[in-house]
Novice: 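For reference, the structure I am asking about is given below.
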Amino acid sequence: MFKCGIAYPRCKWILPLLMLFAIIFDIIALSGRGWVETESSRELASLWEKCSGSSSNCISIMDYPWGKATAALLIIGFILLIICFILSFVALCVPNMPLMRIIGAILILAVILQVIALIIYPVRFTNELATGNESYLYSWTYGFGWGSTIIMFGCAIFFCCLPNYEDELLENVKTKYFYTSA
């Protein structure tokens with residue numbers, strides 16, 4: 001006999017794992033060197049600096065107010081993500097339902113901060129640092145920043161919704177099957 005349903009006690013451990021992936025993605029985005037590249041690879045920019053030609057000809061993006069704002073917003077979002085990651089173990093080990101909604105709210109705040117940072121960077125970079133000679137491509141490390149933000153948004157939704165399924169999480173009810181074959 002085949003049965004298809006959701007085993008909530010097993011599923012709840014996926015959320016900290018997803019947040020761990022978001023932490024890894026954020027570390028890659030914060031430390032990566034290739035946020036922006038030209039098509040010819042003559043120029044390369046990260047969150048921290050823009051290099052032309054060789055890597056010795058670099059200018060700091062932290063000299064610009066928007067560069068500092070972008071870095072600060074991403075770092076604050078990263079710190080909030082780490083706090084939520086630690087709190088998620090407390091909330092899921094002890095089954096503390098109100099803490100889950102607080103984690104969801106903190107994650108939404110972190111998502112908002114990171115979305116603002118990930119929008120400020122390309123707009124201001126294009127206006128102030130991009131030369132009109134070549135096309136600029138946003139590279140894989142910038143994509144990891146967006147990947148982390150999307151994962152955080154999904155986790156925030158789940159942490160806000162999980163308290164509605166308290167009985168299922170605590171295994172007080174039987175598993176509901178969506179499909180059963182005879």
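Side chains are part of it too, since the values below use all heavy atoms of this structure and drop only hydrogens, waters and symmetry mates.
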Novice: Could you tell me the separation between the CG atom of Leu107 and the CG atom of Leu15, rounded to the nearest 0.5 Å?
Specialist: 9.5 Å

Novice: Going by heavy atoms in the side chains, are Tyr142 and Leu118 under 4.5 Å from each other?
Specialist: yes

Novice: Tell me whether Phe158 is reachable from Leu20 by hopping between hydrophobic residues (I, L, V, M, F, W, Y) whose side-chain heavy atoms are closer than 4.5 Å.
Specialist: yes

Novice: Just wondering, do Gln114 and Leu73 contact through their side chains at under 4.5 Å, heavy atoms?
Specialist: no

Novice: Do Phe159 and Arg101 touch side chain to side chain, with heavy atoms closer than 4.5 Å?
Specialist: no

Novice: For a quick test of reading the model, state the closest non-hydrogen atom pair linking Met19 to Phe85 and the distance between them.
Specialist: CE-CA, 3.5 Å

Novice: Any idea which heavy atoms bring Ala117 and Leu74 closest together, and the distance?
Specialist: CB-CG, 3.7 Å

Novice: Less than 4.5 Å apart, side chain to side chain, heavy atoms only: is that true for Val115 and Trp146?
Specialist: yes

Novice: Using a distance-only test with no angle check, is there a side-chain donor-acceptor pair under 3.5 angstrom linking Thr38 and Glu43?
Specialist: no

Novice: What are the two closest non-hydrogen atoms of Gly104 and Cys160, and how far apart are they?
Specialist: CA-SG, 3.8 Å

Novice: Between the main-chain N or O of Trp66 and the side-chain N or O of Arg124, is there a donor-acceptor pair closer than 3.5 Å?
Specialist: no

Novice: How many angstroms lie between CG in Leu80 and CG in Leu113, if you round to the nearest 0.5 Å?
Specialist: 6.5 Å

Novice: Could you grab the distance from atom CD1 of Ile112 to atom CZ of Phe153, nearest 0.5 Å is fine?
Specialist: 9.5 Å

Novice: Taking atom types as modelled, find out whether Tyr138 and Thr126 have a side-chain donor-acceptor pair closer than 3.5 angstrom.
Specialist: yes

Novice: Using a 4.5 Å cut-off on heavy atoms from C-beta on, say whether the side chain of Tyr136 contacts that of Phe125.
Specialist: yes

Novice: Membership question, hydrophobic clusters at under 4.5 Å side-chain separation (ILVMFWY): are Tyr121 and Leu137 in the same one?
Specialist: no

Novice: Looking at side-chain heavy atoms only, is the closest gap between Glu49 and Ile59 below 4.5 Å?
Specialist: no

Novice: Answer yes or no: is there a donor N or O on one side and an acceptor on the other, between the side chain of Ser148 and the main chain of Phe144, under 3.5 Å?
Specialist: no

Novice: Roughly how far, to the nearest 0.5 Å, is the CD1 atom of Ile27 from the CG atom of Leu81?
Specialist: 9.0 Å

Novice: Do Phe78 and Ile150 share a hydrophobic cluster (ILVMFWY, side-chain heavy atoms under 4.5 Å, transitive)?
Specialist: no

Novice: Within this structure, what is the OG-CZ distance for the pair Ser46 and Arg33, rounded to the nearest 0.5 Å?
Specialist: 6.0 Å

Novice: Please name all residues satisfying ring pair (Phe, Tyr, Trp, His ring centres under 6.0 Å) with Phe21, sequence neighbours left out, ordered by chain then number.
Specialist: none

Novice: Kindly write out the residues that satisfy salt bridge (Lys or Arg N to Asp or Glu O under 4.0 Å) with Glu37, not counting sequence neighbours, or none if the list is empty.
Specialist: none

Novice: Run Ser88 and Met100 through side chain to side chain contact (heavy atoms under 4.5 Å, CB included) and show every step you take.
Specialist: CA-CA 7 Å; Ser88 71; Met100 288 187 195; over 6 Å; no

Novice: Nearest 0.5 Å please: distance from the CD1 atom of Ile76 over to the CG atom of Leu109.
Specialist: 9.0 Å

Novice: Measure the distance from the SG of Cys155 to the SG of Cys84 and say whether it is below 2.5 Å.
Specialist: no

Novice: Hydrophobic clustering (ILVMFWY, side-chain heavy atoms < 4.5 Å, transitive) - are Ile61 and Leu44 grouped together?
Specialist: no

Novice: Using modelled atom types and a 3.5 Å cut-off, is there a donor and acceptor pairing between side-chain atoms of Lys50 and backbone atoms of Leu129?
Specialist: yes

Novice: Is the shortest heavy-atom distance from the side chain of Phe89 to the side chain of Pro16 under 4.5 Å?
Specialist: yes

Novice: Show the nearest heavy-atom pair for residues Gly145 and Thr149, with the distance to one decimal.
Specialist: O-OG1, 2.8 Å

Novice: Side chains of Trp35 and Trp140: closer than 4.5 Å at any heavy-atom pair?
Specialist: no

